[in-house]
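A short worksheet on the structure shown next.
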Amino acid sequence: MVTMIEVTDVTPGVACCAPLVREPLGQADAEQLAVTLKALADPARLRLLSIVASSEDQEACVCDLIDPIGLSQPTVSHHLKVLTEAGFLSRSKRGTWAYYRLVPEALEQVSRVLVSP
């Protein structure tokens, strides 16, 4: 029995796909974005970020973040450190307490990469 195979024309100059409409991520940008997205890829971190973003002036004391998350203080502090190092939160110390403030520009930067122009 003979099987018919469809042949695709690969003549030079004939594009098989639509051309790119914008510059894709370069290697360095992709690596940095992967670090940033990895910081967000944890349910506890997303919740912490959401709580801070929902707080008055988009700022919260670490003492107010422990109970809603239901994790130990050292674990919450670790997650806050990861979010701070990724640029999503800034940290300031007042007496014995640490306060975390949302950095809206960091979220906007991630959004710009993921949303087409």
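Within the structure, salt bridge (Lys or Arg N to Asp or Glu O under 4.0 Å) pairs that include any residue of residues 27-42 do not occur (at least two apart or interchain).
Residues Q58 and P104 are in side-chain contact: their nearest non-hydrogen atoms beyond the backbone lie under 4.5 Å apart. Counting heavy atoms from C-beta outward, V62 and S77 have side chains that approach closer than 4.5 Å. Between V52 and F88, every side-chain heavy-atom pair lies at or beyond the 4.5 Å cut-off. Contact annotation: the side chain of S72 approaches that of T75 to within less than 4.5 Å [non-hydrogen atoms, C-beta and beyond].
Note: the hydrophobic cluster containing L102 also contains L37 (ILVMFWY, side chain heavy atoms under 4.5 Å, direct or indirect links). Linking Ile, Leu, Val, Met, Phe, Trp and Tyr whenever their side-chain heavy atoms come within less than 4.5 Å leaves L46 and V103 in two separate clusters.
The line from CG of L83 to CG of L48 is 6.5 Å long, rounded to the nearest 0.5 Å. Distance NZ/K81 to CZ/R91: 10.0 Å, rounded to 0.5 Å. Separating the CG atom in L65 from the OH atom in Y100 is a distance of 8.5 Å, to the nearest 0.5 Å. Taking CG of L71 as the reference point, atom CD1 of I66 lies at 10.0 Å (rounded to 0.5 Å). Rounded to the nearest 0.5 angstrom, T36 OG1 and L40 CG are separated by 7.5 Å.
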Going through the distances and angles, do V82 and H78 end up as a side chain to side chain contact (heavy atoms under 4.5 Å, CB included)?
-> CA-CA 6 Å; V82 170; H78 166 75; 3.8 Å; yes

Does the side chain to side chain contact (heavy atoms under 4.5 Å, CB included) test come out yes or no for R101 and D57, once each step is laid out?
-> CA-CA 8 Å; R101 179 179 293 275; D57 296 328; 4.1 Å; yes

Let me have the donor-acceptor pairs involving side chains of residues 92-99, under 3.5 Å, with sequence neighbours excluded, atom names and distances please.
unit_1 : atom_1 : unit_2 : atom_2 : d
R94    : NH2    : E59    : OE1    : 3.2
R94    : NH2    : E59    : OE2    : 2.7

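Contact detail for G87 and A106: the closest heavy-atom pair is O-CB, 3.2 Å.
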